[in-house]
Number of protein chains: 2
Amino acid sequence: MDEPVTRRSRRTRQTIKMSDVAAAANVSPSTVSLYLRRPGAVSKRAGVAIHDAIERLGYVPNLMAGGLAAARSRVVGVVVPSMRNAFFAQTVSAMQGVLSDDGFQVMFGNTDYDDDTELALVRAYLSWSPSALVLTGLHHARPTRDLLHAADCPVVEMWELGADPVDLAVGFSHTEVGRAQARHLIRKGRRHLAFLGARMQDDRRAMQRAEGFAAEAREAGIAAEIVQHIKPASTEAAAALLAKALSINARIDGVAASNDTLALGLLFECMRRGIAVPERLSVVGFGDLEFSAFSNPSLTTIRPFGDVIGEEIARLVLAAVEEDARPARPAINTGFVIVERGSA
Amino acid sequence: MDEPVTRRSRRTRQTIKMSDVAAAANVSPSTVSLYLRRPGAVSKRAGVAIHDAIERLGYVPNLMAGGLAAARSRVVGVVVPSMRNAFFAQTVSAMQGVLSDDGFQVMFGNTDYDDDTELALVRAYLSWSPSALVLTGLHHARPTRDLLHAADCPVVEMWELGADPVDLAVGFSHTEVGRAQARHLIRKGRRHLAFLGARMQDDRRAMQRAEGFAAEAREAGIAAEIVQHIKPASTEAAAALLAKALSINARIDGVAASNDTLALGLLFECMRRGIAVPERLSVVGFGDLEFSAFSNPSLTTIRPFGDVIGEEIARLVLAAVEEDARPARPAINTGFVIVERGSA
DNA sequence: CTGTTAGCGCCTTCAG
DNA sequence: CTGAAGGCGCTAACAG
């Protein structure tokens, strides 16, 4: 009666296969196959019989056999820097939601901002003959790019727009985001700006925002500093950045943060130091995280549409599968909006 | 010179296969296969020749063919309620990290707290002959449970410990978390407790925490209310819950929140209403989110070890694959700690 | 340690 | 609309 230590060895079970269903339904296996792929292409009678047999037998198709024969699997490989990042979690989540409705599965992996890891993941996904590959950003190591160009499936690069995508790009311009941040601060009467960034070495897109910010300020004839902190966003990073910015120019009255986590840290630091926000200092974030509306003052920030990116990609992938081709269309700009709240 | 609309049709490319590598290395295909699976089991000479041939030809193994022949794929199916939830994102991320080092891929899906979606995902994953299935929690619809019991791969249930797991469980006791929350408040001298929960209908585990909380209080001879709000955690939910709790018992001086998002909301609501935290009211959260340390006062909370859960599961899966069996061992308790900060 | 031999379960022409 | 035939690329005994 005791539970055995080992429940069941791998080869013990025998699964029901398509030919079993065919036999039970009195049709040939290829008719079952056809029914499964295009139910309409089979006579009503056969369809019903097959459906019943599947139910009765509890048939589960073997997707590896199917994929092998078709030289294509209903798998989409997704590569993100980090799933712990709420942005990408949201996007991947949304993508998975619409893809799974069409019977597609997502395989995903984190690169942790490492090019070699990205390459390894792309290699791994490629060996599943995926229906599409989705990567984050436009930058990839050379061998990765080569693989992607040689891949016989569509490649989607997300969360960044720019020159020379492999196939498709879905996202928005981070330069424009930076410009929007600067523009907003200037519109609020701020004349001494700074962009504060945490761990921007790893994050090309944060860097692009900083550059857009600086360019917009420059064109408006306003000075703007870019101040960086090596370590990731935290209360300490925020404190260090604020101190550094103010020491460079004590008159700074408007700052953009590389992301909301940092922006929130700045808000708390300001509170601690008795710096009035937004009277003395305006703060603009990026990301519109869950907590950005909670703070006091609440955070003015930029909202990207991470879920839209995911859905849009899913739609593109589905369309590409339909056409059986790698589309080369203009990129899709999912845009962003500025969410005006208390801090700026 | 223009970019064509269609880049490459699916069947145009022909991939190089194992037999090509074998020919190039002057060995038989099975030796290549063996080399790929157990490099040590092949002579040095052959190994080097094969390695070179693979590099030179840019061979990418076809994992579907391999999986079909082996009746098993190096895929782990992971089902979570929502990837947008930082807890699960962290766990899945950690799991993916260690699994991919061993050449395993994770397929993941969100259930959005829906039993039918969970069933569909389990079905889908099963058709890939996965090395393991990882689900969240111990509760599943009947047909799902049946499928899981019949599955010929290990099944891991995570983020919850309790009676009757399918195979393995990795997580901690939410009842104990609730008890710890109550105990902490009592130790701080609080005598009028309440557990405030947002959207607990969907979240069995939050409910378990509430029950543990109430049980601990009861055993200590202290009154404890459980107050619920239908909608998910937000500033509004926090305000409503606090009002309701205080209207039930104005003397309430210690509250536990079903999660940190709600707890943070409570902190802001207290600030708004001029309720001193922790002097007048102590607040304990659950989750130890990124922002829990940021608030002012900072949030005392319970830290689960989401990443440890993920790593532990990965290790179990790897071990089970090694043994080629479904292990039936005692569950793994990853525990939790109370992080004492300003709010309680 | 290496090669030979059979499939794995399904898809995809192609006839009927 | 249905069935028969062949093969997708690889693994897993087994024999040498």
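Just so it is clear: chains get the letters A, B, ... in the order the sequence lines come, proteins before strands, and each one is counted from 1. Note that this is a predicted model, so its numbers are computed, not measured. Scope of the values below: all heavy atoms of this structure, side chains included, with no hydrogens, waters or symmetry mates.
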Can you list, pair by pair, the side-chain donor-acceptor contacts under 3.5 Å of residues 58-66 of chain A, counting residues two or more places apart and other chains?
from	atom 1	to	atom 2	distance (Å)
A/N62	OD1	A/M64	N	2.9
A/N62	OD1	A/A65	N	3.0

With B/S93 via side-chain hydrogen bond (donor to acceptor under 3.5 Å, both in side chains) - residues at least two apart: A/N110
Of the nucleotides C/dT2, D/dT2, C/dG9, which one has an atom closest to the side chain of A/V42? D/dT2
I need the CG-P distance between B/L36 and D/dA12, as an integer number of Å. 12 Å
Starting at CD1 of A/I54 and ending at P of C/dC10, how long is that distance when rounded to a whole Å? 10 Å
Considering just the side-chain nitrogens and oxygens of A/Y59, establish if one lies under 4.0 Å of OP1 or OP2 belonging to C/dC10. yes
Regarding A/R145 and A/D164, does a basic nitrogen lie under 4.0 Å from an acidic carboxylate oxygen? yes
Any stems for DNA chain D, made of 3 or more Watson-Crick or G-U pairs in a row, each with both distances under 3.5 Å? C:1-4 with D:13-16, C:6-16 with D:1-11
Which residue lies toward the 5' end of DNA chain C, B/A65 or B/A41, if each is placed at its nearest nucleotide? B/A41
Where at least one partner belongs to residues 106-126 of chain B, residue pairs that pass ring-ring contact (aromatic ring centres under 6.0 Å, His included), sequence neighbours excluded: A/F108-B/F108
Starting from P on D/dT11, measure out to CZ on B/R37 and report it in whole angstrom. 5 Å
Assign the ring pair A/F87 / A/W159 to parallel, tilted or perpendicular, where the plane angle (0 to 90°) is split at 30° and 60°. parallel
Partners of B/R45 by side-chain hydrogen bond (donor to acceptor under 3.5 Å, both in side chains), sequence neighbours excluded? none
What's B/S30 touching, base or sugar-phosphate or nothing? Going by heavy atoms closer than 4.0 Å. base
Checking contacts here: which listed nucleotide (D/dT11, C/dC10, C/dT2) is nearest the side-chain heavy atoms of B/A69? D/dT11
Nearest to the side chain of A/S43, which nucleotide is it out of D/dC1, C/dT12, D/dT11? D/dC1
Separation of atom CE in B/M18 from atom C1' in D/dT11, rounded to whole Å: 8 Å
Distance in angstrom units between B/L68 CG and D/dG7 P, rounded: 17 Å
Just how far, in rounded Å, is C1' of C/dC11 from NZ of A/K17? 16 Å
How close or far is atom P of D/dC10 from atom CG of A/N62, stated in whole angstroms? 17 Å
Report which part of the nucleic acid B/L63 touches: base, sugar-phosphate, or nothing (heavy-atom distance under 4.0 Å, all strands). nothing
Rounded to the nearest Å, what distance is computed from the CG atom of residue B/L34 to the C1' atom of nucleotide C/dC1? 8 Å
For A/R123 and A/S127, which I'm curious about, is there any donor-acceptor pair between the side chains at under 3.5 Å? no
Once you apply a heavy-atom cut-off of 4.0 Å, does A/Y35 come out as touching a base, just sugar-phosphate, or nothing? nothing
Less than 4.0 angstrom from a charged side-chain N to a carboxylate O is my criterion; do B/R74 and B/D102 meet it? no
Within the structure, does a side-chain N or O atom of B/S19 lie under 4.0 Å from either OP1 or OP2 of D/dG9? no
Strictly by modelled atom types, are A/H139 and A/E160 linked by a side-chain donor-acceptor pair under 3.5 Å? no
Where is the tightest heavy-atom contact between B/P81 and B/T111, given as atom of each residue plus distance? CA-OG1, 3.2 Å
Please list residues of residues 20-29 of chain B whose heavy atoms come under 4.0 Å from any atom in DNA chain C, ordered by number; otherwise none. B/V27, B/S28
